[in-house]
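Notes to accompany the following structure.
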Amino acid sequence: MPELPEVEVVRRGLHDHVVGRIVANVAVQHPRAVRRHIAGPADLEQRLTGATITGTARRGKYLWLVLDHEDALLVHLGMSGQMLVVPSGLAPSTHERVRFRFADDGPDLSFVDQRTFGHLMFDAGGAALPSVIAHIARDPFDAEYDVAAVAARIKKRRTGLKRALLDQSVVSGIGNIYADEALWAAQLHGARPTEKLTKPQIIRALDAAREVMAQALGQGGTSFDALYVNVNGASGYFDRSLHAYGQRDVPCARCGTPIRRESFMNRSSYSCPKCQPRPRNGRF
DNA sequence: CACAGCACCTGCCCGC
DNA sequence: TGCGGGCAGGTGCTGT
């Protein structure tokens, strides 16, 4: 589910609910949830136990909890991951993968993930960017994000525009939904070859991506429940504000032409046939 | 090296 | 009611 706005809502919730607390116990319920932690579940549990959570950070769709002793817990929610703040000792839900208990006996933290594409791993980098995500590019909300530089890089590539927007090593945080929304706003088809686009066109798409994610973040933030840290912030945005994604046959908000659905990489792309004409030699 | 395709999972919904 | 196929918002690995 989660793209940058949803992950940022989760980060903010975690910041409010777990920073300053001491981890008393970690229980990995499903080893796949920590598969990227090579030393194994027991090692992860042991390294986190006794640590104080001192802060939170995020890049793109990755977030991490900063720990004392210059360590960090890296989190990726995958397609279905949630970080829930639940009453202490609550029985695990069906898809709970990891449970954290704290020394203050306050609410637990539960990592729930139906499809198990998400994962947690320990990192020794502290507040600095974890080394395993060194390849993840800055996202549009990063203070050092340089839209002109990203556009220049995209123009040098030989691929389709949507592929480039989804490539987390070029610009991070954009997923299938916000890519489609950005392309709709920029009135560009995702199969447009990157090298044939002008730099202003690419910047238009990148700026649209940032704008649509900023709007989603605003709405996701307002639907945040004080008790639960969740990724449902997206649902409000889903229903009200999507112009393209999932809108097959719905009249385009700009011109009234029914939105079309195309298949791409075994997933769906939605666009307006009139506002976003498909290029002759497109690269989907 | 850059790029495209596929694997990795579970559950739901649809048509037959 | 059961079964098969399609679909779901992500990433990393592998082959070309």
Side-chain angles (χ1 to χ4, degrees), chain A residues 1-10 29-38 58-64 74-83 93-97 111-121 130-137 139 153-184 190-191 193-195 209 212-213 215-217 219-220 230-239 241-248 261-271 281-284:
Chain A
M1 284 170 107
E3 302 183 29
L4 186 152
E6 294 74 41
V7 176
E8 175 61 12
V9 168
V10 172
Q29 332 265 33
H30 195 310
R32 195 175 139 75
V34 298
R35 64 193 176 281
R36 291 192 69 196
H37 187 76
I38 307 302
R58 182 190 56 71
R59 175 176 284 198
K61 302 169 196 171
Y62 281 91
L63 69 86
W64 60 99
L74 184 64
V75 178
H76 196 284
L77 300 173
M79 296 279 263
S80 56
Q82 296 172 282
M83 290 293 257
S93 60
T94 310
H95 303 298
E96 179 171 287
R97 309 306 185 195
F111 176 60
V112 177
D113 186 14
Q114 180 202 108
R115 292 176 70 187
T116 71
F117 286 138
H119 62 90
L120 309 183
M121 69 180 287
S131 55
V132 290
I133 59 165
H135 63 292
I136 302 293
D139 62 61
R153 238 188 109 187
I154 289 178
K155 191 164 168 53
K156 279 182 199 153
R157 304 196 55 165
R158 297 221 171 264
T159 187
L161 179 57
K162 183 170 176 178
R163 286 193 113 102
L165 292 176
L166 291 174
D167 187 334
Q168 306 296 301
S169 69
V170 174
V171 53
S172 69
I174 304 171
N176 202 32
I177 294 177
Y178 297 111
D180 277 3
E181 292 302 305
L183 290 165
W184 180 87
T194 48
E195 76 275 18
V212 76
M213 290 195 293
Q215 284 176 14
L217 188 52
Q219 296 186 26
N230 61 40
V231 296
N232 292 333
S235 60
Y237 186 72
F238 253 37
D239 297 339
S241 307
L242 293 178
H243 293 297
Y245 183 81
Q247 306 300 302
R248 173 151 62 167
R261 174 189 177 279
E262 293 170 292
S263 203
F264 155 70
M265 289 170 72
N266 279 337
R267 47 178 42 131
S268 299
S269 289
Y270 299 89
S271 58
N281 299 309
R283 295 231 185 88
F284 238 176

**Q.** OP1 or OP2 of dA8(C) under 4.0 Å from side-chain N/O of S80(A)
**A.** no
(Q) Using only atom types and a distance under 3.5 Å, with no angle test, would you say the side chain of R97(A) pairs donor to acceptor with the backbone of A33(A)? (A) no
Q) Are a donor atom and an acceptor atom from the side chains of T159(A) and R283(A) found within less than 3.5 Å of each other? A) no
Q. Expressed in whole Å, how much space separates the P atoms belonging to dC6(B) and dG6(C)?
A. 14 Å
Q) In whole Å, what separates the P atom of dG12(C) from that of dG11(B)? A) 24 Å
Q) Looking only at atom P, what distance separates dA7(B) and dG5(C), rounded to whole Å? A) 16 Å
Q: Classify the angle between the aromatic ring planes of Y245(A) and Y270(A) as parallel (below 30°), tilted (30 to 60°) or perpendicular (above 60°).
A: perpendicular
**Q.** 5' priority, DNA chain B, between T94(A) and R32(A) [closest heavy atom]
**A.** R32(A)
Q | Gap separating the OG atom of S269(A) from the CZ atom of R261(A), nearest 0.5 angstrom | A | 8.5 Å
Q.
Please tell me if Y62(A) has a side-chain N or O lying less than 4.0 Å from either OP1 or OP2 of dG12(C).
A. yes
Q: Give me the ring orientation class for H76(A) and H119(A): parallel if the planes are under 30° apart, tilted from 30 to 60°, perpendicular past 60°.
A: parallel
Q. Q82(A) has an atom CD; how far is it from atom C1' of dA8(C), in whole Å?
A. 15 Å
Q: Would you jot down, in residue-number order, the residues of residues 157-166 of chain A having a non-hydrogen atom under 4.0 Å from DNA chain B?
A: R157(A), R158(A), T159(A), R163(A)
**Q.** Of the listed nucleotides dG9(C), dG10(C), dC7(C), the one nearest the side chain of E6(A)
**A.** dG9(C)
Q. Taking it one step at a time, do T194(A) and R157(A) satisfy side chain to side chain donor-acceptor pair (under 3.5 Å)?
A. CA-CA 6 Å; T194(A) 48; R157(A) 304 196 55 165; over 6 Å; no
Q) Taking N and O atoms by type only, does the side chain of R35(A) place a donor or acceptor under 3.5 Å from a partner on the base of dG12(C)? A) no
(Q) Give me the atom names and distance for the closest heavy-atom approach of K162(A) to N176(A). (A) NZ-OD1, 2.6 Å
Q.
Set out, in order, the CA-CA distance, both residues' side-chain angles and the distance that settles side chain to side chain donor-acceptor pair (under 3.5 Å) for T116(A) and R32(A), then state yes or no.
A. CA-CA 7 Å; T116(A) 71; R32(A) 195 175 139 75; 2.8 Å; yes
Q) For V132(A) and R261(A), take the nucleotide of DNA chain C holding the closest heavy atom to each; which residue's nucleotide lies nearer the 5' end? A) R261(A)
Q: Could you tell me from which nucleotide to which nucleotide of DNA chain B, 5' to 3', there is an atom under 4.0 Å from chain A heavy atoms?
A: dC3(B) to dG11(B)
Q) To the nearest Å, how far apart are Q114(A) CD and dG10(C) P? A) 15 Å
Q) Within this structure, what is the CD1-to-P distance between I177(A) and dC7(C), rounded to whole angstrom? A) 17 Å
(Q) Under 4.0 Å, heavy atoms only, any strand: does H30(A) hit a base, just the sugar-phosphate, or nothing? (A) nothing
Q | salt_bridge(D139(A), R58(A)) N-O dist < 4.0 Å | A | yes
Q. Which nucleotide sits closest to the side chain of F117(A): dG10(C), dG12(C), dG9(C)?
A. dG10(C)
Q) Under a cut-off of 3.5 Å for both distances of each Watson-Crick or G-U pair, what dot-bracket string does DNA chain B give, using [ ] for crossing pairs and | for inter-strand pairs? A) .|||||||.|||||||
Q. So, is Y245(A) close to the dG9(C) phosphate, meaning a side-chain N or O under 4.0 Å from OP1 or OP2?
A. yes
Q) What integer distance in Å separates H119(A):NE2 from dG10(C):C1'? A) 9 Å
(Q) Rounding to an integer number of Å, can you tell me how far E3(A) CD sits from dT11(C) P? (A) 9 Å
Q: Quickly work out the D139(A) CG to dG10(C) C1' distance and round it to whole Å.
A: 16 Å
Q. If you find the nucleotide of DNA chain B closest to R115(A) and the one closest to R283(A), which residue's nucleotide is nearer the 5' end?
A. R283(A)
Q) Is there a side-chain contact between L4(A) and Y178(A), using heavy atoms and a 4.5 Å cut-off? A) no
Q | Separation of atom CE in M121(A) from atom C1' in dG10(C), rounded to whole Å | A | 17 Å
Q: Please name the pair of heavy atoms, one in M83(A) and one in L77(A), separated by the smallest distance, quoted to 0.1 Å.
A: CG-CD2, 4.1 Å
Q. Taking atom CZ of R35(A) as the centre, does the number of heavy atoms from other residues, nucleotides or ligands within less than 6.0 Å exceed 12?
A. yes
Q) What are the two closest non-hydrogen atoms of M213(A) and I174(A), and how far apart are they? A) CE-CG1, 3.9 Å
Q | Spacing of L242(A) atom CG relative to dA8(C) atom P, expressed in whole Å | A | 14 Å
(Q) Measuring to OP1 and OP2 of dG12(C), would you say a side-chain N or O of R36(A) lies under 4.0 angstrom away? (A) yes
